[in-house]
Each structure stands twice: as structure tokens, then as C-alpha cells.
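Heads up, the thing below is written out as C-alpha cells.
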There are 2 protein chains.
Amino acid sequence: MSNRSAIDEAKKGSAEVVILAVIEQESHHGYEIAKLIELRTDGSLTFTLASLYATLYRLEDRGWIRGRWVEKAGQRRRCYYRITDAGRKVLTQQREDWSRFVAALGQIAGVKYA
Amino acid sequence: MSNRSAIDEAKKGSAEVVILAVIEQESHHGYEIAKLIELRTDGSLTFTLASLYATLYRLEDRGWIRGRWVEKAGQRRRCYYRITDAGRKVLTQQREDWSRFVAALGQIAGVKYA
DNA sequence: ATCCTATATACAGGAGAGCTATATATCAAG
DNA sequence: CTTGATATATAGCTCTCCTGTATATAGGAT
């Protein structure tokens, strides 16, 4: 109920490509991934932690990412995720799909890449 | 289940801005809107008729579009939708929201506007 | 010392958009 | 006269993200 901004709807389905891209170069744990998304998009794009963790489990189930538990003194246990070979292929494909979608949205709705 | 392409998820939430944009200049009926979307995006973006009609009813409920039934000899009855003043404001806002989202997706995930 | 915030993960229940499947009905073409 | 394109409509489902809640540790403030 429903002062939902369009961006709330826009981002649906984008969590996968975003997470895969964030851990493309180096592994990160869940909480860190959430913070990085917010930081790197200047707050334009955010996901709730509950939703983010759920997405991580889903991606791991599909074999696109792999988690590794790390316990250090003076720190809570953290699960670091890295991308798999299968995940890299999916990331490449999803970048193409999103790019095509964005182009279509520009054509049909006049949405410009600012 | 689930050879869903990323574009299937991407487009979630985009129907509103797309429909509003299609009827921005001139009114169209539902079936025609569906065909125009497919045509103008070279088939990149499509919506099922069931989903499109449901979205039209939703937009009308919100007062963003207005339907007018037209019956002509030699034609099935058609409901032509035009955008309302409220709809134009929403369209402007949604274009901004989507633009911001696309910019964020470029920053965080390297998705480029082809 | 104790409270509060940030850190860190986890799960149950629900909302909402688009999907498939199905139904109805008209018109043009073969 | 059957098929396909046109045109609208509804029921039920899936999937993703949401809110709300729970647990637990570290560090700073009162």
C-alpha cells in the first residue's frame, strides 16, 4: 500500500545482476554487499537485508555463487560469497539482457540513461 | 520454473511507464497498445494481453488513464484509453525514477545503455 | 555497569506484478 | 465453414521483494 515509487518496482529482478557484479572481482559477505550497493549507487538502489540474504541463498542454490564461513576473534561469524564460473556466465548474459531492456525502455518510453 | 531470462524479471514494474508513454500523444485501445509495444521495441519488450488488460484497469482505477468505449459497424467493440492530467504527472515522475534506476544499474553492475 | 547503535545472519508471512490457461466474440481469408 | 487475427475478460499461479521478528556480538556513550 502504495506510495511505492516506480523505482521500487523497477528494481525487481535486478538484485541478481547487482549481487553478481558486486562480487565479480572480490568476495564479500552479505551485510557488506548491502552496504556496497547503497554506497556505490549513492543511495539510489537499496535492498533490505532480509531480501538480500534470501537472494544470496537462492543464488547459491543455483550454483552461481559460493559461500565460505569465516570466524575471527573480535568479530561475528561472516559468510563470504564469491562468484562461480557458472555465475560469471550468468552475469554476462544478464548484463546483455538488462542492456537490451534499457534500450527498449528508451525507445518506447523515452527513458534516458542519465 | 525457470529458464526465465533476466528480461522477464527486468520488465516487472515497467508496464506502467510504458503504457503511459504509448498513449501520451494519442489514445489507443488495449490490443493496439500491446502490438505497439512489441513493434516499437523490435520485439525486445512484450506483455501478455491478460497482464496488459489488468494493468490498464489498475491505471484507470488510479485515475491515470481514462477509457472510452467505441462501437463501430464491422468492428468489435474497443475501449480507447487516453492519459489524464494526473497520468501525465505520474509519467514525468516515473521517467525520472527509471532514469535514476538505470544510472544506478550502470554504476553498480556495469549495465550500459546500448 | 548498562544502554544504544552498528554489525551480522535468519525466517515467517504477505504484497504485488506479470504469467498461463481459459472463455467469449467478431471479422477476413482460404 | 474452418482457421487465424482481432479484442476483451477472469481465475489461479509464480516469483521477487517487502515488513516484522528473532538472535547475537562489538564498541561507544551516559
Side-chain angles (χ1 to χ4, degrees), chain A residues 1-20 27-39 45-62 64 67-81 94 98 101, chain B residues 1-20 27-39 45-62 64 67-81 94 98 101:
Chain A
M1 260 264 96
S2 35
N3 278 18
R4 309 164 68 78
S5 106
I7 215 163
D8 289 330
E9 299 304 323
K11 73 181 178 189
K12 282 197 183 173
S14 69
E16 291 184 8
V17 70
V18 168
I19 291 172
L20 291 174
S27 66
H28 294 287
H29 59 91
Y31 191 85
E32 198 175 20
I33 292 169
K35 296 299 157 192
L36 283 171
I37 293 171
E38 191 166 0
L39 190 71
L45 194 52
T46 59
F47 291 97
T48 60
L49 287 165
S51 146
L52 190 107
Y53 284 113
T55 308
L56 287 172
Y57 307 147
R58 199 170 68 233
L59 297 184
E60 190 167 32
D61 276 346
R62 293 184 189 159
W64 300 349
R68 198 178 105 259
W69 282 100
V70 175
E71 314 223 18
K72 272 191 196 165
Q75 275 182 348
R76 235 186 87 73
R77 70 196 176 113
R78 292 166 171 172
C79 189
Y80 283 83
Y81 291 94
Q94 293 215 356
W98 274 96
F101 168 73
Chain B
M1 265 256 92
S2 24
N3 279 18
R4 307 165 68 78
S5 106
I7 216 164
D8 289 330
E9 299 306 322
K11 71 182 178 189
K12 282 195 183 175
S14 68
E16 290 185 8
V17 70
V18 167
I19 291 173
L20 291 173
S27 67
H28 293 287
H29 59 90
Y31 192 85
E32 197 176 22
I33 292 169
K35 296 298 157 192
L36 283 171
I37 293 170
E38 189 166 1
L39 190 71
L45 194 53
T46 58
F47 291 97
T48 60
L49 288 164
S51 146
L52 191 109
Y53 284 113
T55 308
L56 288 172
Y57 307 148
R58 198 169 70 233
L59 297 184
E60 190 167 32
D61 277 346
R62 293 184 188 158
W64 300 350
R68 198 178 107 259
W69 282 100
V70 176
E71 314 224 16
K72 273 192 196 165
Q75 276 182 347
R76 236 187 88 71
R77 71 198 175 113
R78 293 166 171 171
C79 189
Y80 283 83
Y81 291 95
Q94 293 215 356
W98 273 96
F101 168 72

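Protein chains get the first letters and strands the later ones, always in sequence-line order, with residue 1 at the start of each. Heavy atoms only: backbone and side chains are in, while hydrogens, waters and symmetry mates are out.
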**Message:** Distance check, rounded to the nearest 0.5 Å: Glu9(B) atom CD versus Trp98(A) atom CH2?
**Reply:** 8.5 Å

**Atom pair CD (Glu32(B)) and CG (Leu39(B)), whose distance is rounded to the nearest 0.5 Å** = 11.0 Å

Can you measure [X] atom [atom1] to [N] atom [atom2] for me and round it to whole angstrom units?
X: Ile33(A); N: dC17(D); atom1: CD1; atom2: P; result: 14 Å
X: Phe101(A); N: dG18(C); atom1: CZ; atom2: P; result: 10 Å
X: Glu71(B); N: dT26(C); atom1: CD; atom2: P; result: 11 Å
X: Arg76(A); N: dG27(D); atom1: CZ; atom2: P; result: 14 Å
X: Gln94(A); N: dT16(D); atom1: CD; atom2: P; result: 10 Å
X: Leu39(B); N: dT6(D); atom1: CG; atom2: C1'; result: 16 Å
X: Asp8(B); N: dG16(C); atom1: CG; atom2: P; result: 22 Å
X: Lys72(B); N: dC27(C); atom1: NZ; atom2: C1'; result: 15 Å

**Prompt:** Closest nucleotide of DNA chain D for Glu32(B) versus for Phe47(A): which of these residues is on the 5' side?
**Reply:**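 So the residue in question is Glu32(B).
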
Check whether any side-chain N or O of [X] sits under 4.0 Å from OP1 or OP2 of [N], and answer yes or no.
X: Tyr53(B); N: dT8(D); result: yes
X: Thr48(A); N: dC17(D); result: no
X: Thr55(A); N: dC17(D); result: yes
X: Ser51(B); N: dA17(C); result: no

The side chain of [X] is closest to which nucleotide in this list: [options]?
X: Tyr31(A); options: dA5(D), dT20(C), dT9(C); result: dT9(C)
X: Arg77(A); options: dA10(C), dA17(C), dC17(D); result: dA10(C)
X: His29(B); options: dT7(C), dA10(C), dT8(D); result: dT8(D)
X: Tyr57(A); options: dT19(D), dA10(C), dC19(C); result: dA10(C)
X: Arg58(A); options: dC17(D), dG18(C), dA10(C); result: dC17(D)
X: Lys11(A); options: dC18(D), dA9(D), dT6(D); result: dC18(D)

Sugar-phosphate only, base, or nothing, as touched by [X] at under 4.0 Å among non-hydrogen atoms:
X: Glu16(A); result: sugar-phosphate
X: Leu49(B); result: base
X: Glu9(B); result: sugar-phosphate
X: Ala50(A); result: base

**Prompt:** Would a distance-only check, ignoring hydrogens and angles, find a side-chain to backbone donor-acceptor pair under 3.5 Å from Lys12(B) to Ile7(B)?
**Reply:**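 Not at all, since once roles are kept as given, no pair shorter than 3.5 Å links the two residues.
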
**Prompt:** Are side-chain heavy atoms of Lys11(A) and Phe101(B) found at a separation under 4.5 Å?
**Reply:** yes

**Request:** Could you pull out the closest heavy-atom pair between Ser51(B) and Phe47(B), with the gap in Å?
**Result:**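 Smallest interatomic distance, heavy atoms only, reads OG-CD2, 4.3 Å.
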
**Message:** Quick check: on DNA chain C, is the nucleotide nearest Gly30(A) upstream (toward 5') of the one nearest Lys12(A), or the reverse? Name the residue that is more 5'.
**Reply:**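 Final value for this comparison: Gly30(A).
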
**Asked** Between Arg76(A) and Glu71(A), is there a side-chain N and carboxylate O pair less than 4.0 Å apart?
**Response**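 No salt bridge links Arg76(A) with Glu71(A).
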
